[in-house]
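Presented below is the structure to which this report refers.
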Amino acid sequence: MANKPSIPKGTRDFSPTEMLRRKYIFSTIERVFQKYGFLPLETPAMENLETLTGKYGEEGDRLIFRIQERGRTFESGVAKAVAAGEGDPKRTSDQVRQQTASEGLRYDLTVPFARYVVQNQNEITFPFKRYQIQPVWRADKPQKGRYREFYQCDADVIGSTSLISEVELVQLFDDVFTALGLHVVVKINDRKVLSGIAEVSGQPEKVVDIVTAIDKLDKIGREKVEEEMRTKGVSDEAIKGIAPLFELKGTWSEQRPQLEKWLSASPTALHGLKDLAFTFDAVGPMKSAILEFDPTLARGLDYYTGAIFEVKAAEGTMPGSICGGGRYDDLTGIFGLKNMSGVGISFGADRIYDVLLETNKFPAELGGSTKLLFANFGAAEAMHCLKLLRQVREAGIAAELYPDHVKMAKQFKYADDKGIAYVAIIGENELKQGIVTVKDMKTGEQKAVKQEELIATIQA
RNA sequence: GUGGAUGUAGCUCAGUUGGUUAGAGCGCCGGAUUGUGAUUCCGGAGGUCGCCGGUUCAAGCCCGGUCCUCCACCCCA
């Protein structure tokens, strides 16, 4: 025990308390997913490297964890390459990294899902609605709220272009956050509107640069956004053409006519606005979420082609989004299956955890903890408790018997630390009289009841 | 990947211009006539000061390296 053991950077242990809370989030999300007709799917932690590479851009490729093959160490690979006359050490190590790994850890849940759909296309009934709650790994530099291992909770509909899916996903957001008791803002935009803005500005080919710049509007402000566009080669004229975007005010119904007027020259944009209008109309009243049109919402992901979603907490100080999603027309195309439109959303469980903790929204009593502890007064009493314990558990009450005959203070402290609601005391006296003394750990009150009344007392 | 900050007991942190046996609060363990936790009182244990090397008579403190955590950028959940 020279050095303390530790875990890899960017990974975490989850204590029992944390796990109960995490499971609460996961099971809430899962229950709503199922209510909307999504079916569970799991894919392996590792994929063939070729499945993963080239799907997340150049930056993304670097962040994929590669799995070292047996007998082909990185060092031996480099030595071999150098011996073979490879000069540039940086290029060499990149190449060797490719050569010594043929598998990698999954980077997200969407690409493995696309792979699964293509692989099983003949068995799947479309539209296919699946949900998936699993960890993903990124070889990133960790920061607060950014880990190298974290969970994603995805739900996607693939094989339908109907906007009904968009409507349902917005309602699903509302249901999940209503169940979690959190007020949120669901922001929505449409990639077609963004393309239209680029068209109207006169530089449609710069759509990606324009979009990633305006995505940062609320973070860096208008001037910096315009500066970034200029750096990326967007003309002053085009920037002027985008100006009306910054003047937009009001709610969706107020913004819509302004947008239609401004973008009237772009059929693409008008199509997007029509789709958005459908979603706004069809969603109907919401319970705890506010649906908001946000023309600056872009989410940077190249594969989104239609609706774009993002959810932010309306309470607490979490600055980033807690959910994201959107429609992608050709996700499976990269694996050879064309014309498969899909729309999906992802819940950021780790960030939702932080928000619920900060705003004190976790239920005080999360299932899983013991309700009743039998104090241990010695061999004879313990044997008696064992019998009662069976009955209590049969009644569905989580209960346990303190395993050792130690002093009461220690046993009560155990109950206190573990958040156990009641302690049943059966000592010599209670045993003789056929009663049990029940102490309510919260109020400190205790009363003697007949053994037959124990279960009713706990349940009351 | 670039730039910056931090790292002292289980936790949150003190630690004066380098100078004897490194401190506090909380927590933990034990006790206050042995059938009662969370409150009170008393006592105790626990740190090769992240790790490696250097400067010095002397390093928690200065210098270099390294790892972790954090912050900004990039990117994202």
Can a donor-acceptor pair under 3.5 Å be found between the side-chain atoms of Arg146(A) and the base atoms of C75(B)?
yes

With a 4.0 Å cut-off on heavy atoms, is Ala415(A) in touch with a base, just the backbone sugar-phosphate, or nothing at all?
nothing

Should Glu168(A) and Lys129(A) count as an ion pair when the cut-off is N to O under 4.0 Å?
yes

d(OH, Tyr414(A); C1', A38(B)) in whole Å
17 Å

Strictly below 4.0 Å, N to O, side chains only: are Glu47(A) and Lys55(A) in salt-bridge contact?
no

With heavy atoms under 4.0 Å as the rule, sort Lys216(A) into base, sugar-phosphate or nothing.
sugar-phosphate

Thr370(A)-Glu400(A) side chain donor-acceptor pair, cut-off 3.5 Å:
yes

For Met441(A), answer base if it contacts any base atom (sugar-phosphate contacts may also be present), sugar-phosphate if it contacts only those atoms, and nothing otherwise; contact means non-hydrogen atoms under 4.0 Å.
base

Distance below 4.0 Å between Lys407(A) side-chain N/O and G31(B) OP1 or OP2:
yes

Just name whichever nucleotide pairs with U36(B), Watson-Crick or G-U, keeping both distances under 3.5 Å, else none.
none

In whole angstrom, give me the gap between the C1' atoms of A5(B) and A9(B).
24 Å

I want to verify a distance call: between A72(B), C75(B), U2(B), whose nearest atom is closest to the Gln143(A) side chain?
A72(B)

Can you tell me the distance, in whole Å, between the CZ atom of Arg62(A) and the C1' atom of C76(B)?
16 Å

P atoms of G1(B) and U39(B), separation to the nearest Å
47 Å

Partner of C62(B) under the Watson-Crick or G-U wobble criteria, both distances under 3.5 Å, comes out as G54(B)

Could you tell me whether Arg62(A) and Glu58(A) make a salt bridge, using a distance below 4.0 angstrom between a side-chain N and a carboxylate O?
no

For atom P, what is the distance between C42(B) and U33(B), given to the nearest Å?
16 Å

G1(B) -> Watson-Crick or G-U wobble partner, both distances under 3.5 Å, gives C73(B)

Spacing between Phe309(A) atom CZ and C76(B) atom C1', to the nearest angstrom
19 Å

Of Pro142(A) and Tyr107(A), the one whose nearest nucleotide on RNA chain B sits closer to the 5' end is Pro142(A)

At under 4.0 Å between heavy atoms, what does Tyr147(A) touch on the DNA or RNA strands: base, sugar-phosphate, or nothing?
base

Tell me whether Arg22(A) is salt-bridged to Glu18(A), with the criterion being a basic N under 4.0 Å from an acidic carboxylate O.
no

Please figure out whether Met408(A) or Arg148(A) has its closest RNA chain B nucleotide nearer the 5' end.
Met408(A)

Plane angle bin for Tyr107(A) and Tyr56(A) - parallel if under 30°, tilted between 30 and 60°, otherwise perpendicular
tilted

Spacing of the P atoms in C61(B) and U20(B) (rounded, Å):
14 Å

Taking the P atom in each of G50(B) and G10(B), what is the distance between them to the nearest angstrom?
13 Å

Determine, answering yes or no, if Phe150(A) is stacked on A77(B) under the 5.5 Å centre rule and the 30° plane rule.
yes

Find the distance Trp137(A):CH2 to C75(B):P and express it as a whole number of Å.
25 Å

Does Lys439(A) reach a base, just sugar-phosphate, or nothing at all? Heavy atoms under 4.0 Å.
base

Could you tell me how far apart Lys9(A) (NZ) and U6(B) (P) are, to the nearest whole angstrom?
20 Å

Is it the case that the base of U36(B) and the side chain of Lys410(A) share a donor-acceptor contact (distance under 3.5 Å, atom types as modelled)?
no

Counting distance alone, no hydrogens or angles: does the base of U36(B) have a donor or acceptor under 3.5 Å from a partner atom on the side chain of Gln411(A)?
no

Out of Arg327(A), Lys192(A), Arg191(A), which residue meets the salt bridge (Lys or Arg N to Asp or Glu O under 4.0 Å) rule with Asp275(A)?
Lys192(A)

Have a look at Gly60(A) and say if it touches a base, only the backbone sugar-phosphate, or nothing, with a 4.0 Å heavy-atom cut-off.
nothing

Answer with yes or no whether Gln446(A) presents, from its side chain, a donor or acceptor under 3.5 Å of a partner atom in the base of G35(B).
no

Within the 4.0 Å heavy-atom criterion, would you say Gly10(A) contacts the bases, only the backbone, or no part of the nucleic acid?
sugar-phosphate

Mutual orientation of the aromatic rings belonging to Phe309(A) and Phe173(A) [parallel < 30°, tilted 30-60°, perpendicular > 60°]:
perpendicular

In whole angstrom, give me the gap between the P atoms of U17(B) and C75(B).
44 Å

Can you tell me the distance, in whole Å, between the CG atom of Leu431(A) and the P atom of G35(B)?
16 Å

Any N or O donor-acceptor pair linking the side chain of Asn429(A) to the base of G35(B) at under 3.5 Å?
yes

Interatomic distance, Lys312(A) NZ vs C76(B) P [rounded to whole Å]
14 Å

With the side chain defined as heavy atoms from C-beta on, Arg138(A) is closest, among U69(B), G37(B), A77(B), to A77(B)

Taking the same atom, P, in G65(B) and in A58(B), what whole-Å distance lies between them?
23 Å

Rounded to whole Å, CG of Leu63(A) lies from P of A77(B) at a distance of 12 Å

Which part of the nucleic acid, if any, lies within contact of Glu58(A), taking any heavy atom under 4.0 Å across all strands shown: a base, the sugar-phosphate backbone alone, or nothing?
nothing

Nearest listed nucleotide, side chain of Ile425(A), among U36(B), A77(B), G37(B)
U36(B)

Sticking with atom C1', work out how far C57(B) lies from C71(B), rounded to a whole angstrom.
41 Å

Complement of G25(B), any strand, by Watson-Crick or G-U distances under 3.5 angstrom
C11(B)

